[in-house]
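Remarks on the structure that follows.
Start at 1 with the first residue, then count along the sequence. Everything numeric in this text was worked out from a predicted model, so none of it was measured. Order of listing sets the numbers, starting from 1, for every ligand and every atom in it. Worth knowing before you read on, the calculation uses all heavy atoms, side chains too, and leaves out hydrogens, waters and symmetry mates.
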Amino acid sequence: MPLALGKDVLDKARREGYAVPSFNTNNLEITQAILETAEALRAPVFIQVSDGARKYAGLENLSNLVRDMASRVSVPVVLHLDHGADYKMVLQALRAGFTSVMIDASHHPFEENVHETQRCVEAAHAVGVSVEAELGRLQGIEDNIVVDAKDAFLTDPDEAERFVEATGIDYLAIAIGTSHGAYKGKGRPYIDHARLEQIATRVSIPLVLHGSSGVPQWLKDKMSATGADLGDPTGIHDEDVRKAIPNGIAKINIDTDLRLAFSAGIREVVVGNPKEFDPRKLLGKGREYLKQVIKEKFELMGTVGRA
Ligand code: 13P
């Protein structure tokens with residue numbers, strides 16, 4: 001069916017107390033793994049395109065790929081711009097047929113963030129597209145964006161209320177302790193659940209959690225078994241994700257776990273079959289592991305059977 005609107009999918013999720021994963025795509029195999037798993041599990045899903053993906057594969061190419069493939073599945077699929085850098089980027093995504101855009105002006109002071117977000121909301125709403133914006137700043141590395149600990153700060157609940165009111169956004173990304181990438185900190189990476197509860201009582205629109213990969217042990221094991229040297233990667237614990245959902249988290253972004261799954265499959269074939277040079281064999285195994293981790297995310301977030 002045609003792409004779904006972000007707001008429709010997330011309003012329902014927050015109302016009914018489950019979350020919808022937003023998976024980053026860069027190519028055919030990742031998109032196939034997401035859509036085939038969503039269809040099989042009757043789960044609504046977001047597919048998002050980052051700045052790095054746009055540079056690697058092209059915004060139009062990815063948009064055409066996702067829209068075409070989504071037209072042949074019967075669950076709601078939202079095509080989302082992840083971390084739109086500015087107004088111009090948001091307009092490009094609107095023109096390319098995205099049904100949800102994120103404007104990330106969170107590095108600006110509050111008033112400037114409000115102003116930049118307002119402009120994007122006006123443009124996107126004029127053509128019926130939903131908008132996500134961010135308040136607070138996550139630590140970590142994601143494609144071209146590197147945020148140091150000193151530049152990261154958590155979302156203030158009062159500011160969150162004012163921000164949503166002033167901008168008219170459809171869902172709000174908040175910083176509550178998660179971070180992008182495969183190294184989410186020494187010891188136990190945490191979610192500030194008390195802060196989340198305070199935000200959820202003041203903000204009634206769906207909340208978005210970035211930096212939510214779990215870096216599961218089975219993927220770490222597979223990577224190590226093929227000689228990967230990742231040091232000591234850490235992710236968000238499943239019980240923290242589960243606990244956040246009843247407090248308004250309705251969209252949960254996952255990129256790192258997909259990267260690990262895809263790489264683990266490719267590495268397994270490359271390392272185990274020195275004579276193999278058929279790219280379909282290499283990528284096919286990666287796609288199989290992608291499906292496995294995607295299924296785990298739908299189950300974790302309560303998305304199965306919601307379509
Ligand atoms: P992870 O790096 O934890 O997968 O987070 C991805 C993300 O938040 C994309 O916006």
Side-chain angles (χ1 to χ4, degrees), residues 6 10 19-26 30 33-34 45-56 62 78-85 89-90 93 98 100-107 130-147 152 154-155 171-185 188-191 196 206-217 219-220 223 230-238 240-241 244-245 249-264 289-290 293-294 296-298 300-301:
L10 294 186
V20 179
S22 193
F23 296 116
N24 286 78
T25 193
N26 300 283
I30 300 173
I34 297 167
V45 71
F46 273 60
I47 301 185
Q48 57 184 15
V49 175
S50 70
D51 201 45
R54 177 179 66 81
K55 288 183 179 135
Y56 174 75
L62 289 174
V78 179
L79 176 59
H80 175 76
L81 177 72
D82 190 24
H83 292 286
M89 191 62 245
V90 165
F98 282 60
S100 175
V101 290
M102 176 185 188
I103 170 67
D104 183 0
S106 61
H107 47 292
S130 317
V131 182
E132 171 183 339
E134 180 166 326
L135 188 66
R137 194 94 174 108
L138 268 72
Q139 192 183 330
I141 303 170
E142 189 194 27
D143 281 344
N144 303 334
I145 308 164
V146 180
V147 182
L154 301 184
T155 306
Y171 21 102
L172 175 70
I174 53 174
I176 51 172
T178 63
S179 60
H180 292 119
Y183 303 91
K184 298 187 191 297
R188 184 179 170 179
Y190 73 104
I191 287 180
L196 172 59
L207 302 172
V208 180
L209 197 57
H210 284 241
S212 308
S213 277
V215 190
Q217 191 60 46
L219 283 175
K220 288 200 263 190
M223 293 296 281
L230 298 182
D232 187 20
T234 49
I236 302 300
H237 291 225
D238 282 357
D240 275 329
V241 172
I245 295 170
I249 296 291
K251 171 175 178 280
I252 301 186
N253 290 10
I254 303 286
D255 187 12
T256 296
D257 285 348
L258 302 195
R259 293 180 185 205
L260 288 169
F262 202 27
S263 305
Y289 288 159
L290 277 168
V293 85
I294 288 166
E296 288 174 6
K297 298 301 171 190
F298 282 129
L300 171 65
M301 298 176 199

V101 vs V131 side-chain heavy atoms within contact, under 4.5 Å: yes
Of H210, H180, K184, the residue with the heavy atom nearest atom 3 (O) of ligand 1 is K184
Looking only at non-hydrogen atoms, find the nearest pair between G214 and K297 and report the distance. N-NZ, 3.7 Å
Heavy-atom contacts with Q48 under 4.0 Å: which atoms of ligand 1 show up? List them by number with element. 9 (C), 10 (O)
At a 4.0 Å cut-off, with the gap strictly under it, does some heavy atom of R259 reach an atom of ligand 1? no
Expected output: side-chain T155 to main-chain A175 donor-acceptor under 3.5 Å: yes
Close-contact set for ligand 1 against N24 heavy atoms, below 4.0 Å: 9 (C)
If the cut-off is 4.0 Å to any non-hydrogen atom of H83, which atoms of ligand 1 fall inside it? 10 (O)
Contact atoms of ligand 1, heavy-atom distance to D82 under 4.0 Å: 9 (C), 10 (O)
Ignoring hydrogens, just give me the one of T256, I254, D257, L260 whose non-hydrogen atom is nearest atom 1 (P) of ligand 1. T256
Heavy-atom side-chain contact between V78 and I47 under 4.5 Å: no
What verdict does the side-chain contact (heavy atoms from CB on, under 4.5 Å) test give for K184 and T178, after you've listed the backbone C-alpha separation in whole Å, the side-chain angles of each residue and the deciding distance to 0.1 Å? CA-CA 7 Å; K184 298 187 191 297; T178 63; 5.7 Å; no
Classify the ring geometry between H83 and H180 as parallel (under 30°), tilted (30 to 60°) or perpendicular (over 60°). perpendicular
Is it the side chain (CB and beyond), the backbone, both or neither of S212 that lies under 4.0 Å from ligand 1, heavy atoms counted? backbone
